[in-house]
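Here is the structure we will look at, set down as structure tokens.
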Amino acid sequence: MLNIRMLTRVVAAIQLFLTVPAQADWLQFRGTNGNGSSSEQSLPVEWDAATGKGIAWTADLPGRGPASPIVVGNRVIVTCSSGYRQDRLHILCFDADKGGKLWERQFWATGRTITHASSANAAPTPASDGRFIYAFFSSNDLICLNLEGELQWLRGLAHDFPKAGNDIGMSSSPVVIDDTVVVQAENQGDSFAAGMDTSDGATRWRVERQKAANWSSPLALRTPQGLSTVVMKSGDGITAYASRSGQVLWMIKAAAGGIPSLIGDGSHLYAPVDGLLALQLTAQDPVRRWTANDVQPGSASPTVHNGRLYCITRAGIVNCLDLDQGDRKWQLRLSQSGKKSSAFWASPVAAGDKLYCINQDGVAFVVRLSETGEIAAANEFGEGIQATPALAHQALFVRSDRHLWKVASP
Amino acid sequence: MPAPTASLARVSILIFATFTPTLFVNRPLSADAIDDALQQLTEAGTSAGAASKIQSNWKKLAAASPQNIERILGSIRADRPLAANWIRSAAETIVDRARREGKFPRHDLERFYLNQQNPPRARRMAYELLVQEDPTLSASWLPNALQDTSLEMRRDAVAVVLQAAQNALQTEEQQNESAHTASTKLFEQALLSARDLDQVKLAADELRKLGKTVELVKHFGFLTQWQLAGPFDNRERKGFTEIIAPETDPRVWQMATTIDESISYTGVDGEVHWTPHETTDEMGVVDLNTAISQRKEVTAFARTVFDSPQAAAAQLRMTSLNANKTWVNGQLVMAHEVYHAGSELDQYVVPIQLRKGANVILVKLCQNEQTEEWAVDWKFQLRLCDDLGGPLPKAD
């Protein structure tokens with residue numbers, strides 16, 4: 001006889017099967033692989049938010065946030081923070097096809113909520129393993145919901161580490177690997193990184209980190225030898241941790257503090273340091289392959305796509321580097337004629353022969369990639385944008401402090 | 001089929017049809033069961049570790065009837081922030097379901113909101129749920145929320161009055177009415193209730209344009225009369241943890257309003273004395289670069305006395321880009337070793353207990369070695385207020 005426990009297991013197995021991440025998902029900051037690269041085809045080149053041209057749908061958002069949208073199956077998840085004190089936390093789920101709001105959950109922040117006026121409590125991008133959503137905020141609130149919006153567990157990490165915080169705002173996005181959700185909360189107070197069990201939020205491990213402000217996100221990867229690893233960078237170096245235990249696998253000294261995050265392509269890591277540093281992953285310590293000191297990434301993180309690395313400098317110049325040697329292939333200034341260059345906070349993302357770069361004024365440059373780069377279009381959103389777009393469903397999902405857009409070819 | 005067997009089958013089906021649903025559908029939770037689940041959630045460990053127990057109680061609550069919404073919202077406590085989020089989420093789930101089923105508990109939520117004794121955040125939640133159903137409610141309720149215990153309600157109420165004041169001002173200007181009686185009254189009303197800096201400044205700016213005097217120092221309760229001692233050493237940022245002479249000087253904690261200026265300590269440049277300093281900044285900023293000297297890698301102390309007419313609970317609110325420690329009546333109440341990492345008003349808030357009469361407050365403020373132009377500031381603001389940010393009464 002099928003007892004309740006067996007039935008539960010069967011249902012869970014079916015749910016798991018149904019919710020295994022599809023290739024089209026965009027599950028975390030800079031995509032499922034964390035490298036800003038997508039296999040999507042037929043992404044749009046031209047659109048205009050003001051006229052609605054190329055905009056499949058627009059949804060209003062109840063709060064601010066540099067956090068990127070993520071896409072899990074047919075769901076687009078966005079986090080926001082609102083209120084005079086930015087202490088209201090929102091997690092919203094939209095239908096990817098039609099744009100309707102499927103659900104919204106709200107929480108109260110339990111940690112520090114002060115940020116620079118240009119940022120918000122909802123700065124870290126949520127992450128998903130395809131079954132659950134892990135939403136993290138500058139206030140160090142970590143909330144796990146299922147895809148129907150039901151609360152599974154929550155952690156107020158500021159409760160355990162009350163001095164953890166940075167009043168410019170924290171922005172490091174969590175990653176999920178091997179049933180562990182990993183956060184990097186580096187600051188001048190209680191500075192740490194921790195791995196939490198995805199099933200109940202219990203702390204699997206916690207390590208102290210350099211006591212200094214850091215806005216970069218960890219990178220989850222499986223080494224060529226199959227080790228599940230989380231790599232973090234800060235002012236004193238780059239450290240790799242075993243994802244389930246927090247054991248230090250290797251560490252190298254490098255001045256790698258600041259804002260842009262690490263990126264990888266499976267066999268190599270690329271670190272914004274004083275320029276860019278390429279590390280080859282091995283069974284032991286990584287091997288330095290090349291450095292490119294003449295390329296200084298700005299606030300946006302680099303992207304690796306089809307054998308090339310793309311990064312945007314503070315001056316708004318996109319650089320294309322060859323991954324083998326670090327040679328610069330081309331440069332391109334991202335500006336509209338007659339207009340001053342603007343800063344880029346959103347990281348570039350790429351699919352096929354297109355690179356999408358959105359500046360803080362809400363101008364989305366579409367760069368056609370070939371032996372050189374050329375601006376194929378400069379599309380206006382008409383609102384400031386700091387969030388990296390998500391690429392899925394043959395569309396870009398872009399959010400501002402007020403709106404979420406689905407940009408798709410008709 | 002023989003008749004008895006058919007009857008038996010029919011009876012079996014009837015029994016099955018009657019009782020089977022009860023095996024799968026949640027029975028309504030009793031009040032005791034709800035209280036028990038709430039208690040378990042409220043007492044649940046603030047960290048993870050008891051997640052399955054918490055989840056199970058959350059599921060019980062989330063399945064409760066909307067008739068229990070007052071009981072559930074009423075258990076949201078400010079001193080249990082994690083439990084508050086669990087309970088909030090359960091309440092949200094209940095109301096979502098009730099909406100879909102056409103059972104939105106409007107009257108229960110109204111009763112809950114209108115009772116000022118209920119927890120402020122939970123009342124605000126009830127208000128928002130109600131306004132989603134009936135947006136006209138805000139127009140009838142906000143005028144009564146100027147003194148609300150919920151800062152969010154109060155903010156919305158002040159916004160309404162500020163808008164009315166702006167409208168009145170516009171009308172007065174169109175009619176060349178120079179007295180501006182109506183707009184002045186409304187701006188004053190808004191200022192009296194406002195607790196958020198943007199609203200306070202807006203009302204204050206408009207009142208000043210209308211020729212009125214506004215004292216923001218009094219509105220916020222900034223402490224402006226200090227005695228300063230410094231600079232002491234903070235090379236390698238050691239001054240924050242090192243115990244420096246004024247911290248252990250018993251004369252600092254005597255209740256006298258001022259401390260003898262002849263008392264001396266050894267500072268980085270030789271002898272250091274307590275010198276009086278009154279800030280005239282309208283937001284109570286004590287600028288040590290001006291009052292002592294613009295230096296790097298130094299520490300200084302600021303001492304003041306607050307005369308309270310009664311023993312009272314209060315909040316001490318500190319704002320500073322520099323590493324700081326604050327003592328009240330000899331007891332360390334806050335310590336933040338953070339330099340130049342963002343700031344805004346009321347950056348650090350701590351509850352304190354004031355005694356009747358003189359209360360000695362000592363601040364230690366450390367400047368670090370950073371030389372960037374954004375790392376020059378060496379200053380602080382400190383205020384004492386109630387838990388909504390209003391000023392405390394002072395003894396005559």
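Keep in mind it's a predicted model, so treat the numbers as computed, not measured. Within every chain, numbering begins at 1; the chains are lettered A, B, ... in the order of the sequence lines, protein sequences first and strands thereafter.
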| query | OH of A:Tyr84 to CD of B:Gln199: how many Å apart, nearest 0.5 Å? | reply | 8.0 Å
| task | I would like to know whether A:Trp153 and B:Trp58 meet side chain to side chain contact (heavy atoms under 4.5 Å, CB included); could you show each step before the answer? | result | CA-CA 10 Å; A:Trp153 51 262; B:Trp58 182 86; over 6 Å; no
| query | What's the spacing between B:Glu152 CD and A:Ser82 OG if we round to 0.5 Å? | reply | 7.5 Å
| remark: Between A:Leu151 and B:Asn85 the two heavy atoms that sit nearest each other are CD2-O, 4.4 Å
| message | Test of understanding: with salt bridge (charged side-chain N to carboxylate O under 4.0 Å, His left out), list the residues that count as partners of B:Lys238, not counting sequence neighbours. | response | B:Glu236
| request: Sort B:Ile76 into side chain, backbone, both or neither according to what part of it lies under 4.5 angstrom from a heavy atom of chain A. | output: side chain
| message | One pair to check against salt bridge (charged side-chain N to carboxylate O under 4.0 Å, His left out): B:Glu128 and A:Arg88. What are the steps and the verdict? | response | CA-CA 13 Å; B:Glu128 290 181 7; A:Arg88 301 284 298 273; 2.6 Å; yes
| query | Most heavy-atom pairs under 4.5 angstrom with chain B, which of A:Lys211, A:Glu104, A:Gln106? | reply | A:Gln106
| field | B:Glu337, part contacting chain A, at a heavy-atom distance under 4.5 Å | value | backbone
| field | A:Ile168 versus B:Gly342, closest heavy-atom pair with distance | value | CG1-N, 3.5 Å
| message | Counting only heavy atoms from other residues, nucleotides and ligands, does the tally under 6.0 Å from CH2 of A:Trp345 exceed 12? | response | no
| request: Would you name the heavy atoms of B:Ala341 and A:Asn166 that are closest together and state the gap between them? | output: O-OD1, 3.3 Å
| For chain B, which residues of residues 111-121 of chain A have at least one non-hydrogen atom nearer than 4.5 Å to it? | A:Arg112, A:Ile114, A:Thr115
| query | Considering residues at least two apart in sequence or located in another chain, which fulfil the side-chain contact (heavy atoms from CB on, under 4.5 Å) criterion with B:Ala204? | reply | B:Val214, B:Leu216
| said: If I measure from the heavy atoms of chain A, does B:Leu197 come under 4.5 Å with its side chain, its backbone, both, or neither? | reply: both
| message | Within the supplied structure, the quantity of interest is the number of heavy atoms (other residues, nucleotides, ligands) at a distance under 6.0 Å from B:Glu101 CD; does it exceed 12? | response | yes
| Given A:Arg85, which of B:Asp346, B:Asp198, B:Asp196 fulfils the salt bridge (charged side-chain N to carboxylate O under 4.0 Å, His left out) condition? | B:Asp196
| query | How long is the span from the CG atom in A:Leu154 to the CD1 atom in B:Ile54, to the nearest 0.5 Å? | reply | 7.5 Å
| task | To the nearest 0.5 Å, tell me how far A:Trp108 CH2 sits from B:Arg124 CZ. | result | 11.5 Å
| So B:Gln347 and A:Asp167, side chain to side chain contact (heavy atoms under 4.5 Å, CB included) or not? Walk me through it. | CA-CA 8 Å; B:Gln347 188 175 2; A:Asp167 291 345; 2.8 Å; yes
| Excluding sequence neighbours, so at least two apart, what forms salt bridge (charged side-chain N to carboxylate O under 4.0 Å, His left out) with B:Arg99? | B:Asp96, B:Glu133
| Any donor-acceptor pair under 3.5 Å from A:Gln188 side chain to B:Tyr339 backbone | yes
| task | Walk me through it: do B:Arg121 and A:Asp87 pass the test salt bridge (charged side-chain N to carboxylate O under 4.0 Å, His left out)? | result | CA-CA 11 Å; B:Arg121 279 182 150 181; A:Asp87 57 357; 3.7 Å; yes
